[in-house]
Amino acid sequence: MAEERHLTILGLESSCDDTAAAVLSRSASGVLSLRSSVVVGQTALHADFGGVVPELAARAHAEKLDHVVEEAMTEAGITRNEIDAIAVTAGPGLIGGVLSGVMLAKGLAYGLKKPLIGVNHLAGHALTPRLTDGLDYPYLMLLVSGGHCQFLQVSGPQAFVRLGGTIDDAPGEAFDKVARIMGLPQPGGPSVEKAARSGDATRFALPRPLLDREGCDMSFSGLKTAVLRQRDQLVAAQGGVTEQDRADICASFQIAMRDVLAEKSRRALALAKGITAFAVAGGVAANQTLRQALQEVATETDIRFVAPPLALCTDNAAMIAMAGLEKYLAGAVDDMSLAARPRWPLDQTASALLGSGKKGAKA
Ligand code: AMP
Ligand code: MG
């Protein structure tokens, strides 16, 4: 049911360590325009702790959310009265942060007498290529971030089939742990990628976990442990690690990660049905070696490859506004009973694969 009037959606995101608000409009003829997207990160706040501290994150969200909303509206040049609906991440994520967002959204919806739409954070990531590249359903999405890793067949704003996912760590988590093991700064992804540039990826034979198992489930915790063991062996043999050792380990790790994700993508593409494209999202999608490998896999299968701009690959509220818009157009709005959910699997029929990780509860 397509609405034939101009719509403006305010999106809110606070499920991990980014406080974000965005304004998205859709013209009567269906043309989308992202009018603002404000993201305030908390990296410095958690820097001393080696990971996101949920309580600190929740307090920071509660303090910053309304300022971020004001900024997003100012940047978009709109007043509160021009908002037609409020979309908010209602899970999965760190519950304190999700609650902060849901409470603010409820207050706004109540005060403005506008509909409230609870959005699944993962649906936000998965629907981003609809906003950035106008993809048609169905398409295959590889979500690779600090807290998630899954292949989804996306067939509609609320129709997701998980084809496979990690059974332990997320790739971003593995990059971050490898950085820690090798004494490189956080976030680990960019520092490992940088170190790997001057490294020899063939020097250390690291495992490619689960490649021997059918399907597209993945595992990355053994890979991280193999890096730890390799480092300890070097330390035992030569009393420490050199710059070159560090670069070689990072390159060997990155190539193992690339091989696993590329091969599992090949299998996911074989399992997906009638798709228009293969898209990737999540912070790890910034990795050039990985991006190139995924592009090649898509080319092999003659499928269009889409990687949204990085600012819309990592956590943001534009994707929440987009997912909210699609739910709104489908008539799926919530009321004041909307709950904040630490866990919220996108594909309710798939069995649970994951435990709890650095970035909070996973789905
Ligand atoms: P997100 O969870 O989507 O906010 O993304 C953050 C995660 O992406 C962190 O674990 C980062 O280490 C990871 N990441 C960011 N840039 C890169 C990169 N260039 N290569 C690999 N991982 C990255
Ligand atoms: Mg995310």
Side-chain angles (χ1 to χ4, degrees), residues 13-20 37 39-43 45-47 49-52 57 61 89 92-94 97 120-129 141-150 165-166 168-182 184-197 199 201 218 220-221 223-224 227 249-262 279-294 307-320 354 356-363:
E13 156 65 32
S14 56
S15 66
C16 186
D17 59 350
D18 291 301
T19 313
S37 177
V39 181
V40 176
Q42 303 177 350
T43 310
L45 184 65
H46 305 285
F49 303 98
V52 177
H61 286 306
T89 300
L94 298 172
N120 183 310
H121 175 86
L122 301 173
H125 279 302
L127 297 176
T128 301
M141 158 65 58
L142 167 58
L143 182 55
V144 266
S145 69
H148 303 280
C149 184
Q150 48 189 309
T166 181
D168 43 51
D169 290 355
E173 206 171 348
F175 269 98
D176 294 342
K177 284 179 183 163
V178 165
R180 214 163 297 136
I181 292 168
M182 299 313 299
L184 293 167
Q186 296 294 319
S191 21
V192 169
E193 181 170 28
K194 188 165 168 233
R197 261 182 229 134
M218 292 158 282
F220 299 105
S221 100
L223 182 53
K224 161 205 75 194
V227 167
I249 287 188
C250 286
S252 303
F253 162 78
Q254 183 172 260
I255 223 79
M257 183 66 88
R258 179 206 68 180
D259 286 353
V260 172
L261 286 166
V280 65
V284 182
N287 188 281
Q288 291 303 322
T289 304
L290 176 62
R291 256 174 129 101
Q292 196 186 332
L294 298 178
L310 199 61
L312 296 178
C313 267
T314 51
D315 287 351
N316 65 86
M319 67 181 194
I320 303 304
L354 299 163
S356 210
K358 174 195 81 168
K359 291 211 160 179
K362 299 169 185 170

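Keep in mind that the numbers below use all heavy atoms, side chains included, and drop hydrogens, waters and symmetry copies. All ligand and atom numbering here is 1-based and tracks the order in the structure.
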Should you measure from each heavy atom of [X], which atoms of ligand 1 turn up under 4.0 Å away?
| X | result |
| --- | --- |
| Gly283 | 1 (P), 3 (O), 5 (O), 8 (O), 14 (N), 15 (C), 16 (N), 17 (C), 23 (C) |
| Glu193 | 18 (C), 19 (N) |
| Phe175 | 21 (C), 22 (N) |
| Gly146 | 1 (P), 2 (O), 5 (O), 7 (C), 10 (O) |
| Ser145 | 1 (P), 2 (O), 3 (O) |

Inset, instruction - Indicate yes or no: at least one non-hydrogen side-chain atom of Thr19 is less than 4.5 angstrom from one of Gln42. - result: yes
Inset, instruction - Output all residues satisfying side-chain hydrogen bond (donor to acceptor under 3.5 Å, both in side chains) with Gln288, sequence neighbours left out; order by chain, then residue number. - result: none
Inset, instruction - Write down the atom of Cys313, the atom of His125, and the distance for their closest heavy-atom approach. - result: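 Of all heavy-atom pairs spanning Cys313 and His125, the closest is O-CE1, 3.3 Å.
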Legend entry - Contact summary for Met257 and Ala174, nearest pair of heavy atoms: CE-CB, 3.8 Å
Legend entry - Min N/O separation Thr314 to ligand 1 under 3.5 Å: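 No.
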Legend entry - Backbone or side-chain N or O of Gly147 under 3.5 Å from ligand 1 N or O: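 There is no such contact.
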Inset, instruction - Run through Ile181, Asp176, Asp168 and flag the one making a side-chain contact (heavy atoms from CB on, under 4.5 Å) with Lys224. - result: Ile181
Inset, instruction - Please list, chain by chain and in numerical order, all residues satisfying ring-ring contact (aromatic ring centres under 6.0 Å, His included) with Phe253, sequence neighbours excluded. - result: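 ring-ring contact (aromatic ring centres under 6.0 Å, His included) list for Phe253, sorted by chain: Phe175.
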Inset, instruction - Classify the contact between Asn287 and ligand 1 as side chain, backbone, both or neither, using a heavy-atom distance cut-off of under 4.0 Å. - result: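 Contact part for Asn287 vs ligand 1: both backbone and side chain.
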